[in-house]
Amino acid sequence: MQKLYDMTFNPCLKCNACTVQCPVSSVTGDFGGPKHLGPELARFTAQQEPVIDPAIDLCTLCGTCDITCPEGVPVSELTANLKAARAEADGTKFRDLVLSHAEYVGMAASAFAPVTNVVMKFKPARFVMEKVMGMERERQFPLYSFNHFKKQYKKKEATTDRKVAYFSGCYATYNNPDIGVAMVDVMRANDIEVAMPDQKCCGVPMFANGRMEQGKKNANYNIKSLLSYVDDGYDIVMTCTSCSMAVKKEYLHYIGTEDAERLADSVYDADEYLRHLDQAGEFNRELGELNMSAAYYAPCHMKGQSMGTPALDVLEHIPGYSMSDSAADCCGQCGTFGFKKEKYSYSMKMGRKMQEAIEEMGRDVTVTECGMCKNQLDQLTEKETYHPMQILKMSYEKAVKV
Amino acid sequence: MYDTVVIGQGLTGLLTAIYANQYGQKTALVAKGTGKLLQSTGVMDFIPGKQADIRQWAEHVNYTVNTDGLQSAVNSFQFLMEEIHLPYEGSLSENVPLLTGAGYLKWTTLYPAAMKPVPAKGSVVIVGFDELTDFVPEYVKANLALERPNLTIHTIRLEKKVSTVRPVSQVDIAYRMDDAYERTQLLSELKVRITADCNDKVDLIVFPSILGIRQHATVLKETESALNTPVTEAPGLPPNASALRLFQGLRQHAIRSGVRFYENSEVTGFDVQQDKVFGIQTQANGKTHQITGKSFISAGGHRSLLETVEGESRNDLKNYWNAGVFPDEVPLQYGLIGGMYAILESAHTTSNMNRSLKGSETSAETV
């Protein structure tokens, strides 16, 4: 909640830079936009009861406003406060409760994966989901994997000099375990063993759906579990950029303890970690040739981490492989946002711009870290989408064969 | 890690990063937010908001102008803008009068092709939109009539096109103009209105800054051909589509050509050893990051960032340059250095850097 003397909105000049760059505001007039619902509303209601504008539901917390503001206003913190106040005042829908528990959905859906995947494609089932749950029937859902990553990889400790504790996140665990496998193999190629600490969903879907208390519970669980590895000399590595953003940014914002800070300092995105190794002269550059051109799609939650674009810095070492950033804006999937019926049309309008950008690039494949961005890319583009770890794995495998 | 690290994402920073990258330098751009570009109109003045030519500017900033250097910087800029399909008109030899959203003339040096000089006589139509309260055609007309007494001025107001839950801006309409269907509807309605309301031959049609964003080139072309008359934008209160197009165009070009963007990153320290900078520290979400490089260019406003952050002035550094910094005694309008100075400094600084890297003046390439 906004604190009594929180004046972070004060430098706002009302120049609208955030609003014109906002991916949602640029496709619809139904959303008040970051300036209007962030600094402007906060200034208007400072030191009095907050005014809750229901249009705040359209804020996806992508953070583009923060990286845009020429005056240094933390815009998305102000819109996040409003989203939280709205959830508290009006409650959340059953549908949002389900979406916020991506992990439980993942566990259940994976357990019956062959059935789930078929049912999710089945028109009457999608019709029922739309009517009962408010999930858009036209939306393609990610597949679930019966042999999920936690079943495949149970190693609890590592014995190499550098040790990595892997936070796989719901997507790599239940939907696309191939990413987890690739990550472990890439680390092995760099003489690093990977351990799997006990972990729960990072909490991002909960924060995004107004389930603040559950989100904080998960955050505290992860902080405790992951810090015990940090204390044993492990580096914490993540392949999902929304999970890594949660620990680097949201945990500091919502939990804010010394432990949360200590964890944030030990967390790396997988490519960020490899770039770190490279700078220390420890990265295995024995990479095999890949004749492939790729368009990189940068997830919003990657951009918000202030780490540049480590996937480009690392993958450029692969011989024969070329990759350029498509410079596309938000894909419109925005985690759980794009599954919701009432948000689907906005999601698609945003998605079309991303689709255009990917088509303009004219590359063989698309590469992105984010599973949810991949979901939108899979629905709207013809190209196959990979995680950077999958590309690196392919390259290392070629090097071994030669 | 990087060959060149550019700090700042205003016009100077974006151009500097693009030019450094063109010289074959592996380039990173580090920025807290965006610069003043999105708050501007996208036209290039010598002194922001004032009519000034090279000579007056040189006097104002106490700067020795190398006309050839300035011309070559302008050439680089215009070449780049052609490449990103956002051509800029104008030349160093004359200033031209553009119309502002308040109806006054603004004299400037370089301007996007979507804007045209206001004629002294003839007939113009000013087109407004009911929902766009920042641009009032009758007000524009009254002020323009004072500046251009021999001009016949018509006004047309179009009925509400865009509904928003907040005040409508020029950019909201510009995004709609990107849509082929909405554009065609609007242009055919406007054509009927102009034919009905204006009984003379119209020489110029004035719009607020709404002529598209991503599809701007198509929007401009189709608008002029549908109305069979030259059109111009009169930019006013931000946000101006003219500024957004410039910002997005440069940014997209920089990213696609390989410049690495470190965003949301406030520079909090420089790692200086003897006469070289080895890296910078940035602060983001309470976490400190290190970015290392071989050369550093500060384009973070009108002061040297190293001086601001470290509190000391250094002139002996071998691999650090300031782009777009004035001596403290030069008065700056609203803290802005001006588009022309950004264009000059970005080309000039990257060329100096390239020369010093190559070790000799003769081997320097042009951007």
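Chain naming here is simple, since letters A, B, ... match the order of the sequence lines and numbering starts at 1 in each.
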Contact part of [X] toward chain A, heavy-atom cut-off under 4.5 Å: side chain, backbone, both or neither?
{"X": "S163(B)", "answer": "backbone"}
{"X": "V171(B)", "answer": "side chain"}
{"X": "Y175(B)", "answer": "side chain"}

Who among [options] has the most heavy-atom pairs with chain A under 4.5 Å?
{"options": "I255(B), L38(B), T34(B)", "result": "T34(B)"}
{"options": "Q252(B), K287(B), H289(B)", "result": "K287(B)"}
{"options": "A284(B), S265(B), P239(B)", "result": "P239(B)"}
{"options": "G10(B), P238(B), A28(B)", "result": "P238(B)"}

- prompt: Tell me the salt bridge (charged side-chain N to carboxylate O under 4.0 Å, His left out) pairs involving residues 163-175 of chain B, sequence neighbours left out?
  reply: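 Found R166(B)-D172(B).
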Residue pairs passing the salt bridge (charged side-chain N to carboxylate O under 4.0 Å, His left out) test with at least one member in residues 244-271 of chain B, sequence neighbours excluded, are D313(A)-R260(B), E316(A)-R260(B), E360(A)-R256(B), E233(B)-R245(B), R251(B)-E263(B)
Report task. Give, for atom CD of Q39(B) and atom CG of N16(A), the distance between the pair rounded to the nearest 0.5 Å. Result ->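 With rounding to 0.5 Å, CD (Q39(B)) is 10.0 Å from CG (N16(A)).
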For [X], is it the side chain, the backbone, both or neither that has a heavy atom under 4.5 Å from a heavy atom of chain B?
{"X": "C15(A)", "answer": "both"}
{"X": "M323(A)", "answer": "neither"}
{"X": "A298(A)", "answer": "neither"}
{"X": "L312(A)", "answer": "both"}
{"X": "T19(A)", "answer": "side chain"}
{"X": "K35(A)", "answer": "neither"}
{"X": "D30(A)", "answer": "backbone"}
{"X": "Q305(A)", "answer": "backbone"}
{"X": "V267(A)", "answer": "backbone"}
{"X": "F31(A)", "answer": "backbone"}
{"X": "L13(A)", "answer": "side chain"}

Check your understanding: Any chance the rings of F207(A) and Y254(A) have centres within less than 6.0 Å?
Key ->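 Yes, the ring centres sit under 6.0 Å apart.
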>> Using a strict threshold of under 4.0 Å (side-chain N to carboxylate O), is an ion pair present between R86(A) and D57(A)?
In response: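 So D57(A) pairs with R86(A) through a salt bridge.
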Is the shortest side-chain N to carboxylate O distance from K160(B) to D130(B) below 4.0 Å? no
Exercise for the section: Show the numbers, then the answer: is there a salt bridge (charged side-chain N to carboxylate O under 4.0 Å, His left out) between D66(A) and K303(A)? Expected result: CA-CA 11 Å; D66(A) 297 336; K303(A) 292 184 202 167; over 6 Å; no
Exercise for review: May I ask you to name which of E40(A), M361(A), Q21(A) has the most heavy-atom pairs under 4.5 Å with chain B?
Suggested key: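 Sorted descending by pairs with chain B, the first entry is Q21(A).
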Note: vs chain B, highest number of non-hydrogen pairs under 4.5 angstrom among A264(A), G72(A), A295(A), P70(A) is P70(A)
Could you check whether any side-chain N or O of [X] sits under 3.5 Å from a backbone N or O of [Y], counting only pairs where one atom can act as donor and the other as acceptor?
{"X": "Q170(B)", "Y": "L237(B)", "answer": "yes"}
{"X": "R183(B)", "Y": "D178(B)", "answer": "yes"}
{"X": "S326(A)", "Y": "Y296(A)", "answer": "yes"}
{"X": "R363(A)", "Y": "S293(A)", "answer": "no"}
{"X": "Y341(B)", "Y": "V325(B)", "answer": "yes"}

query: Between L186(B) and M177(B), does a side-chain contact (heavy atoms from CB on, under 4.5 Å) hold up when you go through it step by step?
result: CA-CA 9 Å; L186(B) 186 136; M177(B) 290 292 278; 4.1 Å; yes
**Message:** salt bridge (charged side-chain N to carboxylate O under 4.0 Å, His left out) for K36(B) and E71(A)? Distances and angles first, verdict last.
**Reply:** CA-CA 9 Å; K36(B) 297 286 180 189; E71(A) 309 299 331; 3.0 Å; yes
By ring-ring contact (aromatic ring centres under 6.0 Å, His included), H85(B) pairs with (sequence neighbours left out) none
key: Test log, rule side-chain contact (heavy atoms from CB on, under 4.5 Å), inputs R176(B) and K161(B)   = CA-CA 9 Å; R176(B) 304 306 148 98; K161(B) 301 276 175 265; over 6 Å; no
Close approach to chain B in residues 269-279 of chain A, criterion heavy atom under 4.5 Å: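 If one takes a 4.5 Å heavy-atom cut-off, the residues of residues 269-279 of chain A near chain B are E272(A), R275(A), Q279(A).
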